[in-house]
Amino acid sequence: MRSFAELLAAAKARGPRTLAVAAAADREVLAAVDMAHREGLCRAALVGDASRIAALAGELGVDLGPHRVVDEPDAERAAVRAVELVAMGEADFLMKGMLPTAALLRAVLDKERGLRTGQMLSHVGLLEVPGFGRLLGITDFVMNVAPDLKAKAAILRNALEVLRRIGLSEPRVAVLAAVEVVNPEMPATLDGALLSKMAERGEFGPCHVDGPLAMDLAVSEEAARHKGVGGPVAGRADLLLVPDLNAGNILYKALVYLAGARVAGVVVGARAPVVLISRADTAENKLYSIALGLIAS
């Protein structure tokens, strides 16, 4: 899959589904939901301050008729209510509106009413970078701060499931580090080598995993040739597994703010996908995230 236009087409072929939005009283969220509905992706249960939702919809020219509005002015209680809609089968997937990520995830992880499965939750981002020629996955730049080897293996499994759902039968994964040689003083290089060996033994299903790889070797075939690094992943990675949240978040924001990348993001590992990118992101990026969440559901 080379573009978000293809992502939207694939999501449209699977839709429509019902999306529960927690704290939906936000311009960009409502605009994204409206675009998603017009694209044939979803209907929405908009949980939040009903009067504010109606006022914003009027300002934006958004028709609320196809959607359900659930009045809950308190953001944290709106998160709980939206999660309940998914848990009860009244919605197929979940979206973060105008509330902190932690508040939504508390509701998702609630032992009695949440969407726990026993799996680790992790975030998968897809970026459309101008001039790159294909969509690029990055995981995890939102949730897991300093994952160890076991956690990285779980994060990788989650991301591979998403990539297979968008049509990559054997995803190519670069386990990133600052260098491409194993250095015992750099744990990320050890993790890269071990994850690569685990993949060779079939622990992640059909895929190609190489690591440690520096960023240039992951995305540039010219750099890989120049440095004499071969294999199916070098210069052709579909997914970048970052060493920690700091590195991943810096990489993601550099691509968005310096390279003009567009982004979609979803949290997986729960009973249903959670559409989640920054509250500051554009309606367009939220639309692509809805498409990704639909495909992952």
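Residue numbers count from 1 along this sequence.
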**Study point:** Audit row: F204, L195, side-chain contact (heavy atoms from CB on, under 4.5 Å) steps and yes/no
**Key:** CA-CA 9 Å; F204 302 115; L195 290 167; 3.9 Å; yes
### Message
Between V21 and V33, does the side-chain contact (heavy atoms from CB on, under 4.5 Å) criterion hold? Intermediate values first, please.
### Response
CA-CA 9 Å; V21 185; V33 168; 4.1 Å; yes
Apply side-chain hydrogen bond (donor to acceptor under 3.5 Å, both in side chains) to the pair S122 and N158, showing each step before the final yes or no.
CA-CA 7 Å; S122 61; N158 281 348; 2.9 Å; yes
- Check against side-chain contact (heavy atoms from CB on, under 4.5 Å), L94 and V83: CA-CA 7 Å; L94 183 66; V83 167; 3.8 Å; yes
*Would V80 and R113 satisfy side-chain contact (heavy atoms from CB on, under 4.5 Å), going step by step from the backbone distance to the final call?*
CA-CA 8 Å; V80 171; R113 297 180 293 178; 3.9 Å; yes
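In this structure, K286 and M35 have side chains that are not in contact, with every pair of non-hydrogen atoms separated by 4.5 Å or more. Here the side chains of R68 and L46 are not in contact, with every heavy-atom distance at 4.5 Å or above. Taking the side chain as every heavy atom from C-beta outward, M120 and K150 never approach each other to under 4.5 Å. L126 places a side-chain heavy atom less than 4.5 Å from the side chain of I166. At least one side-chain heavy atom of E59 sits less than 4.5 Å from a side-chain heavy atom of L56. P212 places none of its side-chain heavy atoms less than 4.5 Å from the side chain of V175. Residues L8 and Y288 are in side-chain contact: their nearest non-hydrogen atoms beyond the backbone lie under 4.5 Å apart. I53 places a side-chain heavy atom less than 4.5 Å from the side chain of L30.
Closest non-hydrogen pair, A177 versus A188, comes out as CB-CB, 4.1 Å. The minimum heavy-atom distance between E128 and L135, with the atom names listed, is CB-CD2, 3.7 Å. Across all non-hydrogen atoms, the minimal contact from V29 to A24 is CG1-O, 4.1 Å. Between L99 and A75, the closest heavy-atom pair is CD1-O, 3.6 Å. Heavy atoms only, all atoms of each residue included: A20 and A91 are closest at CB-CB, 3.7 Å. Between D63 and G65, the shortest heavy-atom distance links the atoms OD1-N, 2.8 Å.
R52 contributes no side-chain N or O that, together with a main-chain N or O of A25, makes up a donor-acceptor pair within less than 3.5 Å. Although no hydrogens or angles enter the test, the distance criterion places a donor-acceptor pair under 3.5 Å between the side chain of S289 and the main chain of G265. The main-chain N or O of A237 is found under 3.5 Å from a side-chain atom of R134 such that the two form a donor-acceptor pair. Judged purely by atom type and a 3.5 angstrom limit, R116 uses its side chain to pair as donor or acceptor with the backbone of L109. Under a 3.5 Å cut-off, the side chain of N285 and the backbone N or O of R262 do not form any donor-acceptor pair. Listed for the R77 side chain is no donor-acceptor partner under 3.5 Å among the backbone atoms of E72. A donor-acceptor pair is defined here as one N or O able to donate and one able to accept, closer than 3.5 Å; such a pair exists between the side chain of R2 and the backbone of G133. Side-chain N or O atoms of N144 include none that pairs as donor or acceptor with a backbone N or O of P147 at under 3.5 Å.
Residues S297 and D92 bring no donor and acceptor atom of their side chains to less than 3.5 Å of each other.
Applying the side chain to side chain contact (heavy atoms under 4.5 Å, CB included) criterion to L105, with sequence neighbours excluded, gives T101, L121, M143.
Note on D110 versus R106: no salt bridge recorded, every NZ/NE/NH1/NH2 to OD/OE distance being 4.0 Å or above. Electrostatic pairing of R164 and E161 does not count as a salt bridge here, judged by no charged N lying under 4.0 Å from a carboxylate O. In this structure, R225 does not pair ionically with E222, as no charged nitrogen and carboxylate oxygen lie closer than 4.0 Å.
Residue H123 holds its NE2 atom at 7.5 Å from CG of D140, rounded to the nearest 0.5 Å. The OG atom of S3 sits 14.0 Å away from atom CZ of F132, with the distance rounded to the nearest 0.5 Å. Atom CG of D148 is separated from atom CG of D244 by 12.5 Å, given to the nearest 0.5 angstrom. If you take CG on L104 and NZ on K96, they are separated by 8.0 Å, rounding to the nearest 0.5 Å. Taking CG of L64 as the reference point, atom NE2 of H37 lies at 11.0 Å (rounded to 0.5 Å). Between the CD atom in E203 and the CD atom in E200 there is a gap of 11.0 Å [rounded to 0.5 Å].
By the criterion of side-chain heavy atoms lying less than 4.5 angstrom apart, applied directly or through intervening Ile, Leu, Val, Met, Phe, Trp or Tyr residues, V124 is grouped together with I290 in one hydrophobic cluster. Transitive grouping of hydrophobic side chains (ILVMFWY, heavy atoms separated by less than 4.5 Å) keeps V70 and F93 in distinct clusters. Connection of V162 to L294 is established within a shared hydrophobic cluster, with ILVMFWY side chains joined at heavy-atom distances below 4.5 Å, either directly or through further cluster members. A continuous path of ILVMFWY side-chain contacts below 4.5 Å connects M95 to V69, so both sit in one hydrophobic cluster. Hydrophobic clustering keeps L239 apart from I138 (ILVMFWY residues linked when any side-chain heavy atoms are closer than 4.5 Å, directly or through intermediates).
Applying the 4.5 Å side-chain rule to ILVMFWY residues, one finds V181, M186 in the same cluster as V179. When hydrophobic side chains of Ile, Leu, Val, Met, Phe, Trp and Tyr are connected at separations under 4.5 Å, L190 ends up clustered with V182.
Screening V256, N246, L176 for a side chain to side chain contact (heavy atoms under 4.5 Å, CB included) with L251, the sole residue that qualifies is L176.
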